[in-house]
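As structure tokens, the structure follows; a few thoughts come after it.
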Protein chains: 2
Amino acid sequence: RAHVVVLGNEKGGSGKSTTAMHLFVALARAGKRVGAMDLDLRQQSFFRYLENRRAYAERSGAALIMPEQARVTPSDLPLRAEADEADRAALRAALDGLRARCDFVVIDCPGSFTTFSQEAHAAADTLITPLNDSLIDFDLLARVDPATGRIKGPSIYSEMVWRGRQIRAQAGLKPIDWIVMRNRIATLDARNKRTVGRMLKELSRRIGFRVAPGFSERVIFRELFLSGLTLLDLRGGAEGQPLSMSHIAARQEVRELIRNLELPGVSP
Amino acid sequence: RAHVVVLGNEKGGSGKSTTAMHLFVALARAGKRVGAMDLDLRQQSFFRYLENRRAYAERSGAALIMPEQARVTPSDLPLRAEADEADRAALRAALDGLRARCDFVVIDCPGSFTTFSQEAHAAADTLITPLNDSLIDFDLLARVDPATGRIKGPSIYSEMVWRGRQIRAQAGLKPIDWIVMRNRIATLDARNKRTVGRMLKELSRRIGFRVAPGFSERVIFRELFLSGLTLLDLRGGAEGQPLSMSHIAARQEVRELIRNLELPGVSP
Ligand SMILES: Nc1ncnc2c1ncn2[C@@H]1O[C@H](COP(=O)(O)OP(=O)(O)OP(=O)(O)O)[C@@H](O)[C@H]1O
Ligand SMILES: Nc1ncnc2c1ncn2[C@@H]1O[C@H](COP(=O)(O)OP(=O)(O)OP(=O)(O)O)[C@@H](O)[C@H]1O
Ligand SMILES: [Mg+2]
Ligand SMILES: [Mg+2]
């Protein structure tokens, strides 16, 4: 049965879809069969990125690996409690299908609370939470006392993860491996970076996650969307130019993330 | 009656809450009475920033302007259609209260589609949509043909704005002044920046918004959350140090945004 990797963070724009895409390509290039779900039903950034990838492969003749994609449709039952139950069942059915045929399933979640997202968090063997280096983003993980800078307690997204863990424990499944990954790390940000780093370290012990170094702020992570490519697909540069130092460093960051994830059967 | 400014973008992490906070402080320091609403009911980043501001004022004795804040509670009616209607009425009631007592009302919307957010878009005299310099963010405004780079048509967030305009027109209100504001602009990003800039220019003519230069990527926009301060509140630096070149440039960006908004009775 496939190992399920969920990209989750209720905070918008933290890098879930970007990380989902790069994780998929890294696993696929490592020879794994990868399934994919995009639970951000309106935005569909992950699946749109894949759509662009398929289109690029078709018009260029390039052989570009694609995942097996499974979709869910939200229930239109008028009573919310019934619609939620139908959604949970729909997600489990779609996921079970992928799990039977793949080595890994990558699930991208929305930057909001939905029944699909909560259910995915309960289905996660590995949960990756990308996080901007910002106390605004941190505020969704934990409340910080503004007077003392000390952590007061878990916040709404930690509670969502805790609920996922609870559901999983009740089902007798092994615990979620929760990794918080710093993203869009700026070069000139020493004081703020130290503050966020210190708080992450403290919080990781309290609520049970590991911290991964993650990705720097790099244009290469966001300029290839239309081509459906990632920097991992580029050999010597998109137009045959040699890879820049920044590309090489970016590749190293993706490799480092994969290594930190400690996924079964994967050595980067 | 107050002029309503809405921060909207279904894309998460584009900078709505950050811009809402800086807009509030700029208007308040210009002597305006400002009302505030935070329709991101779970995250509440805008109102949490204000909570930190109030706490800072109390413990430091500093006189820090606060807006008049109005809250809404989501309906718990079991039938979705009834709950939506109750939510729309609740928003209008809260907003009417603020409008009667303030010069401006700043409404921060969530990075997701909600009834409250759609209703706020219909109530907007000015709508500010912050946008990362990224075709992933742009994808929520318009679909781009990956083969040609041409704009194919409006996407989910543009449709949300269009719906707001429709509701407004039916109510006989004057049109929304829609401003798309580039945010987190990187210094080293020439090619991608040009691409996004070109597409924004083309799209602005097609679907009817103006483009404002916006804010550069600057740590100062995200490191003051715990203090509840913004760079506009700093005189000569938070610890009495002289303002850096970056702070002065950041202030200029905020001033430039205010100038571009062309708000009634405001000259920056
Ligand atoms: N390391 C990075 N360097 C540069 N840009 C990045 C990086 N990571 C993400 N981005 C950009 O930041 C924005 C947000 O990223 P992304 O859409 O992946 O986040 P998300 O968490 O999926 O957002 P949402 O909550 O809306 O689903 C996008 O414009 C993306 O291109
Ligand atoms: N100009 C900027 N420079 C540096 N950091 C910024 C800037 N604008 C926003 N940020 C940071 O980017 C992240 C997203 O900003 P913000 O929370 O304001 O976006 P949002 O659109 O309100 O997100 P959501 O959709 O989750 O409500 C935050 O960590 C914030 O501190
Ligand atoms: Mg996403
Ligand atoms: Mg926000």
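- When A:Leu77, A:Thr18, A:Asp137, A:Asp145 are compared by the number of non-hydrogen pairs under 4.5 Å with chain B, A:Leu77 comes out ahead.
- In terms of heavy atoms, B:Leu79 sits closest to A:Leu79 at CD2-CD2, 4.2 Å.
- Counting non-hydrogen atoms of neighbouring residues, nucleotides and ligands closer than 6.0 angstrom, the CZ atom of B:Arg54 reaches no more than 12 such neighbours.
- Interface remark: A:Arg80 contributes backbone and side-chain atoms alike to the contact with chain B (heavy atom separation under 4.5 Å).
- Contacts of B:Asn9 with chain A are absent, with no heavy-atom separation under 4.5 Å from either backbone or side chain.
- Residues of residues 147-156 of chain A that come closer than 4.5 Å to chain B, counting heavy atoms only, are A:Ala147, A:Ile156, ordered by residue number.
- Taking B:Ile136, B:Thr195, B:Asn52 one by one and counting their heavy-atom pairs under 4.5 Å with chain A, the maximum is reached by B:Ile136.
- Here B:Arg184 contributes atom CZ and A:Arg184 contributes atom CZ; the two are 4.0 Å apart, rounded to the nearest 0.5 Å.
- Highest contact tally toward chain A, considering only B:Ser134, B:Ser14, B:Ser60, is held by B:Ser134 [criterion: heavy-atom pairs under 4.5 Å].
- Using a 4.5 Å cut-off between heavy atoms, B:Asp40 makes no contact with chain A at all.
- Among A:Tyr49, A:Phe113, A:Phe221, the residue with the largest count of heavy-atom pairs under 4.5 Å with chain B is A:Phe113.
- Ranked by heavy-atom pairs under 4.5 Å with chain A, the list B:Pro146, B:Gly13, B:Ser17, B:Ser227 is led by B:Pro146.
- Although no hydrogens or angles enter the test, the distance criterion places a donor-acceptor pair under 3.5 Å between the side chain of B:Arg222 and the main chain of A:Asp133.
- Chain A forms the most heavy-atom pairs under 4.5 Å with one residue out of B:Arg59, B:Arg42, B:Glu223, and that residue is B:Arg42.
- Other residues, nucleotides and ligands contribute over 12 non-hydrogen atoms within 6.0 Å of the CZ atom of A:Arg206.
- When each of B:Glu51, B:Lys11, B:Arg143 is scored by its heavy-atom pairs under 4.5 Å with chain A, the top score falls to B:Arg143.
- One finds the CZ atom of A:Phe225 at 12.5 Å from the CG atom of B:Asn192 (value rounded to the nearest 0.5 Å).
- Looking at B:Asp189, the atoms closer than 4.5 Å to chain A (heavy atoms on both sides) sit in the backbone and in the side chain alike.
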